[in-house]
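Encoded as structure tokens, the structure appears first; notes follow it.
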Amino acid sequence: MSVIVRVGEADFDVGAECRALASHSRQSGAIVQFVGLMRDSNQGDDVLTMELEHYPGMTERCITEIVNRAQQRWPLFAVTVIHRVGVLQPQDQIVFVGVSAAHRQDAFQSCEFIMDYLKTEAPFWKKECTLNGEQRWVDARQTDQQARKRWQD
Amino acid sequence: MSVIVRVGEADFDVGAECRALASHSRQSGAIVQFVGLMRDSNQGDDVLTMELEHYPGMTERCITEIVNRAQQRWPLFAVTVIHRVGVLQPQDQIVFVGVSAAHRQDAFQSCEFIMDYLKTEAPFWKKECTLNGEQRWVDARQTDQQARKRWQD
Amino acid sequence: MITVLFFAKYRELLGTAKISLSGADIDLTKCTVAALKASLAERGALWCDVLAAENTLCAVNQDLAGDDTPISVGDEVAFYPPVTGG
Amino acid sequence: MITVLFFAKYRELLGTAKISLSGADIDLTKCTVAALKASLAERGALWCDVLAAENTLCAVNQDLAGDDTPISVGDEVAFYPPVTGG
């Protein structure tokens, strides 16, 4: 099982990440990849830029722990999680979660599981700068909490 | 809503497909991509090559119809489905399903929905050539039927 | 005239990918998938096996069809085993 | 000595990212998250708001912690609002 967790300012190359995920086993039959992008508006306001703050050290620990839990639930060959920090523009890539498994159900479920926990546990915070100059911290969404709770039933 | 359906011998570039999916809306916040790969063994036998046969014309119609049903269930910005035919080697890419939406739950669910229907309705057939020279048609899997039935409840 | 296609394992078993049937072969004025199956099954044991198999799928003009689906002159009918793509 | 970190909105509200507390500031022989919160809340209304907020999260040595979690000399404690990454 190969686990890669990267947190930093650098962008990522989805094609290269997919090839890397596929390379870990000749029994890999299913790769599921999630890419989160910055949207150009939120709550009715145009958003010009976004700044992502995190808790260095804890973010990597937290994501690695989430990936470990996913491994215990599903048979996986490889997992890659990349999360960007710093200043981002609309349509920039923010987050990548890629999973390789023998069968697609395991790949879909584990990828969604990792995203649901990342959204609710990993210490990242978004601050938006809107078109009218307002700077505001993005509020956590109740729907993300609900999405995570599904996995605990 | 942009829909691309491609069936043919040509390989595909996951990175390029991801960029294309992202380009259709500045409100796209979530891209989910499934890539199906050829495994190097099946039912305990080493597999040397695989040949994919299809029903030209009907495959494209059938996949387009599946994508239309997905669009009716979830708000999507873009969907790309690519399926290869002809002779493939282990680790070759077979199928790509990519979906772009505002929110990740819609992207995950619609991507999995499209794969589950594609696996059980689209007229493709796999023939394996094993290490010991046997040529055999791959049997349909009961688990794929069950996966599809979830969406009908 | 109707065109009948066979795919994958069925194409190999029957040794043919495509046959054409005219009004001389089958009554095309009130034809259905069930009637076509019955007519083709008369060609021999292999044909009977393929067409009677519970999981044999049929498409008429590239849409999934059932036994009651009508078939008219000019239609394209296909018989095939459960699909295994993806 | 313990280190206390604040992130995001809390860092801005309190005007500080990091403070250090010694045994002179707080009893470190039997300290918990709850005791640290109570001590910091005495610094003023803003501090009280941040530390009393129901959804304030706390990590001790980079692991999620509850009010009962013990804090010892050398620990790194962080307070932060609900996360919004991904």
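These values consider heavy atoms only, across backbone and side chains, with no hydrogens, waters or symmetry-generated copies. None of the values given here were measured: they were computed from a predicted structure.
- Looking at B:Asp139, the atoms closer than 4.5 Å to chain C (heavy atoms on both sides) sit in the backbone and in the side chain alike.
- If you measure heavy-atom distances from C:Leu5 to chain B, the contacts under 4.5 Å come from the side chain alone.
- Side-chain contact, B:Asp11 with B:Gln93: a donor N or O sits under 3.5 Å from an acceptor N or O.
- At a 4.5 Å heavy-atom cutoff, C:Asn55 makes no contact with chain B through either its backbone or its side chain.
- Taking the six-membered ring where the residue is Trp, B:Trp74 and B:Trp151 present perpendicular rings, their angle passing 60° and hence far from 30°.
- Side chains of C:Val4 and C:Leu36 form a contact here, defined as non-hydrogen atoms less than 4.5 Å apart.
- The candidate with the highest count of non-hydrogen atom pairs below 4.5 Å against chain B, out of C:Pro81, C:Pro82, C:Ala59, is C:Pro81.
- Proximity to chain C (any heavy atom under 4.5 Å) is restricted, for B:Lys127, to the side chain, taken from C-beta onward.
- Classification of the C:Phe7-B:Trp125 ring pair by plane angle, with boundaries at 30° and 60°, yields parallel.
- The six-membered or imidazole ring of C:Phe79 lies away from that of C:Tyr10, with a centre-to-centre distance of 6.0 Å or more.
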